[in-house]
Amino acid sequence: MTIPAAELSKLTRALPFAISLALIPLAWIGAFYGGWTVVLLPLVTWYMFSFLDAAIGLNTENGDLDATDDDLFWYSAITIAWVPLQFLTLFGMIWYVAPAEHLSSLEKVVLFFGVGVITGTVGINYSHELMHQKNKLERFMGDALLAMVLYSHFRSEHLLVHHRYVATPKDPVTARWNESFYRFYPRVLRQSLLSAWNAEKGMLARKDLPWSDRSNPFFKYWAMQGGCIGLAVILGGWTGLALFLIQASVAIWQLELVNYVEHYGLTRKHLGDGKYEHVHPHHSWNAAHKASNWLLINLQRHSDHHYKPDRRFPVLQNYTDAQAPQLPYGYPVMTVAAMFPPLWRKVMHPRVRKWREMYYPEITDWKPYNKAQNPLPR
C-alpha cells in the first residue's frame, strides 16, 4: 500500500517518529532522582521497543515517492529539533550531574551510559539522515551531533567509502561471514578512521591540493570535537569530561553494533578485474518492525537506503522477502543478539546461507568472500 503525498504530509503521520523526543525527560528523571531511575534510558530504548515491535507488528506501507520536501516538513522538523535538545540535555546534565551529591559515582556512570545509548541510537542516527541532505544547515547539524560523540569522521567514511564500496573488501563497515562483533569492532574503529582520512585526502589530491588545505573537513571535525570536550570541562571539570567520554564511547559502540547488523555476511558479486555488481536492495538486511522504525526513523529500511541514498526517511521503501533479506527482529533485539556470538550465528547463518542460494547459486567457492580476499574495487 502506498501512502499518498497529501496524507503523508499530515502532522499526525509524522508524530509517531517523534517518539524519540520522549527519551529526553527520562534522562532528567534519572539525574534528579537517581536510584533505579538511572537505568530507564537503556531499559526503554532496548527492551520497551522490542516489546512494542512484538505487540504492534510490521509496517509494510510505503510513502509516495513523489512527495516533496514541503510534504515532508514535519519529519524534517523532528530531526532538526533533536539537535538543540540533545545539546542542552548532554551539556546540561554534565553541569548538573558532575557536582551532584545525591548521586553516587556509580549512578553517574550508569546514567551517562544511558545518555550514550540515546546519543548513539537516536543522535547518530539522526546525524545520518541529516548528512545525506543537500541543505547546508542540515549537514552542519549532522556534524554537530557527531561532534558530541567524538565520531565526526563517520560522515566522510559513510558518504565517501561505505556507500560506494558496501559489501566489498574495501568497505570496513561490512561485517564478514563468521566475524564476531568482538573482532569487527576494533577492526572497524581503526579502518574506518583511516579510510575516511584517505578518502578526504584523495579528493583533495584530485584537486591538486595537499591534505593540509583548510577545505579538509577534518579540521572542522577536530575543532567541533575540541569545542565539545572544552565545554564539558568548563561545565563539569574533570568529572564532567569523564562523563562526556563515557557517553561518547557508548554512542560509538551503539553505532557500530547497528553497522554490524546491517550488512552481516552480505557481499556484492565480483565480476572480475576488481569490478563488482551495482548495489541492489538485497545487499542490506531489511526490517519492517513498526515501533523500532519509529524510533530509528526507518533506518531498518536499509535495503532501500543503500539502493537510493538520497531518499528522506519517510519515503524509504519496504521490500518483501522476495526482494531483500529480512531480519527476524528489529535492531533492538538484533544488536543485543550480536553481543553473544553463538546466538548470533544460530540466528543469522541459516539466513545468510539461504540468501546465497537465492541470489548467487552459481558461486561455489565462498572463501574469498568470507575472508574479504577478492580484489579491491577499482
Side-chain angles (χ1 to χ4, degrees), residues 20 23-47 82-128 143-154 181-182 184-186 188-190 192-193 221-222 224-260 295 332 335-336 338-339:
S20 58
L23 297 172
I24 289 178
L26 298 182
W28 285 104
I29 289 171
F32 292 147
Y33 295 102
W36 67 271
T37 64
V38 299
V39 301
L40 279 172
L41 284 174
L43 281 178
V44 170
T45 307
W46 293 341
Y47 299 109
W82 177 266
V83 182
L85 290 173
Q86 177 175 306
F87 180 86
L88 293 172
T89 299
L90 173 59
F91 291 104
M93 287 186 63
I94 288 173
W95 170 79
Y96 178 79
V97 170
E101 295 182 357
H102 68 286
L103 296 172
S104 68
S105 296
L106 179 60
E107 286 174 320
K108 293 176 182 180
V109 169
V110 174
L111 180 60
F112 271 78
F113 176 94
V115 173
V117 169
I118 62 169
T119 58
T121 301
V122 180
I124 297 182
N125 186 33
Y126 281 23
S127 78
H128 169 257
D143 286 339
L145 288 172
L146 292 177
M148 285 184 243
V149 296
L150 304 180
Y151 219 55
S152 297
H153 69 275
F154 174 65
F181 177 73
Y182 299 98
F184 169 85
Y185 189 46
V188 78
L189 289 179
R190 180 182 68 256
S192 63
L193 177 60
Y221 299 162
W222 293 331
M224 295 180 73
Q225 290 177 172
C228 289
I229 291 171
L231 185 57
V233 173
I234 291 169
L235 294 174
W238 295 116
T239 300
L241 176 60
L243 296 175
F244 175 77
L245 294 177
I246 287 169
Q247 71 80 29
S249 299
V250 173
I252 294 167
W253 166 63
Q254 289 282 275
L255 165 67
E256 297 303 353
L257 264 173
V258 169
N259 275 334
Y260 178 79
L295 175 67
T335 52
V336 172
M339 297 297 295

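Every heavy atom of this structure was used, including side-chain atoms; hydrogens, water molecules and symmetry mates were not.
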Start with the C-alpha gap between W82 and L145, add the side-chain angles, then the distance that decides, and say whether side-chain contact (heavy atoms from CB on, under 4.5 Å) holds. CA-CA 9 Å; W82 177 266; L145 288 172; 3.9 Å; yes

Please lay out, stage by stage, how F154 and N259 fare under the test side-chain contact (heavy atoms from CB on, under 4.5 Å). CA-CA 12 Å; F154 174 65; N259 275 334; 4.3 Å; yes

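Sorted by first and then second residue, the side-chain hydrogen bond (donor to acceptor under 3.5 Å, both in side chains) pairs involving residues 93-102 (not counting sequence neighbours) form an empty list.
Using a 4.5 Å cut-off on side-chain heavy atoms (C-beta onward), T335 and F181 make no contact. Two residues are said to be in side-chain contact when any heavy atoms from C-beta on lie closer than 4.5 Å; M93 and V115 meet this criterion. Looking at I246 and K108, their side chains never come closer than 4.5 Å, going by heavy atoms from C-beta outward. You'll find the side chain of L23 reaches within 4.5 Å of the side chain of L26, heavy atoms only. Counting heavy atoms from C-beta outward, I252 and L189 have side chains that approach closer than 4.5 Å. Within the 4.5 Å cutoff, the side chain of V233 has no heavy atoms near those of the F244 side chain. With contacts defined as side-chain heavy-atom distances shorter than 4.5 Å, the pair F112/V250 does not qualify. For the pair I229/L150, a side-chain contact is recorded, criterion being any heavy-atom separation below 4.5 Å from C-beta on.
From L90, atom CG reaches atom CG of L243 across 9.5 Å, with rounding to the nearest 0.5 Å. Here OG1 of T89 is found 11.5 Å from CD of Q247. Values are rounded to the nearest 0.5 Å. In this structure, M224 CE and L146 CG are separated by 8.5 Å, a value rounded to the nearest 0.5 Å.
Across all their heavy atoms, L111 and A31 have their closest contact at CD2-CA, 3.7 Å. The two residues G240 and A98 make their nearest non-hydrogen contact at N-CB, 4.0 Å. Across G114 and P42, no two heavy atoms sit closer than the pair CA-CD, 3.8 Å. When all heavy atoms of A251 and V149 are compared, the pair lying nearest together is CB-CG1, 3.5 Å. Heavy atoms only, all atoms of each residue included: G92 and W28 are closest at C-CH2, 3.6 Å. Nearest heavy-atom pair, V83 versus M148, reported as atom, atom and distance to 0.1 Å: O-CE, 4.1 Å.
Counting non-hydrogen atoms of neighbouring residues, nucleotides and ligands closer than 6.0 angstrom, the CZ atom of F32 exceeds 12 such neighbours. Taking a 6.0 Å sphere around CH2 of W222, one finds it holds more than 12 heavy atoms contributed by other residues, nucleotides or ligands.
A donor-acceptor contact shorter than 3.5 Å links the side chain of Y182 to the backbone of M339. Judged purely by atom type and a 3.5 angstrom limit, S127 uses its side chain to pair as donor or acceptor with the backbone of I124. A side-chain donor-acceptor contact under 3.5 Å links T119 to the backbone of G116.
Results of the side-chain contact (heavy atoms from CB on, under 4.5 Å) test with T37 over L41, L40, V39 single out L40 as the only residue that passes.
H153 has its ring centre less than 6.0 Å from the ring centre of Y151.
Ring-plane geometry between W253 and F113 is classed as tilted, the angle between the planes lying from 30 to 60 degrees on a 0 to 90 degree scale.
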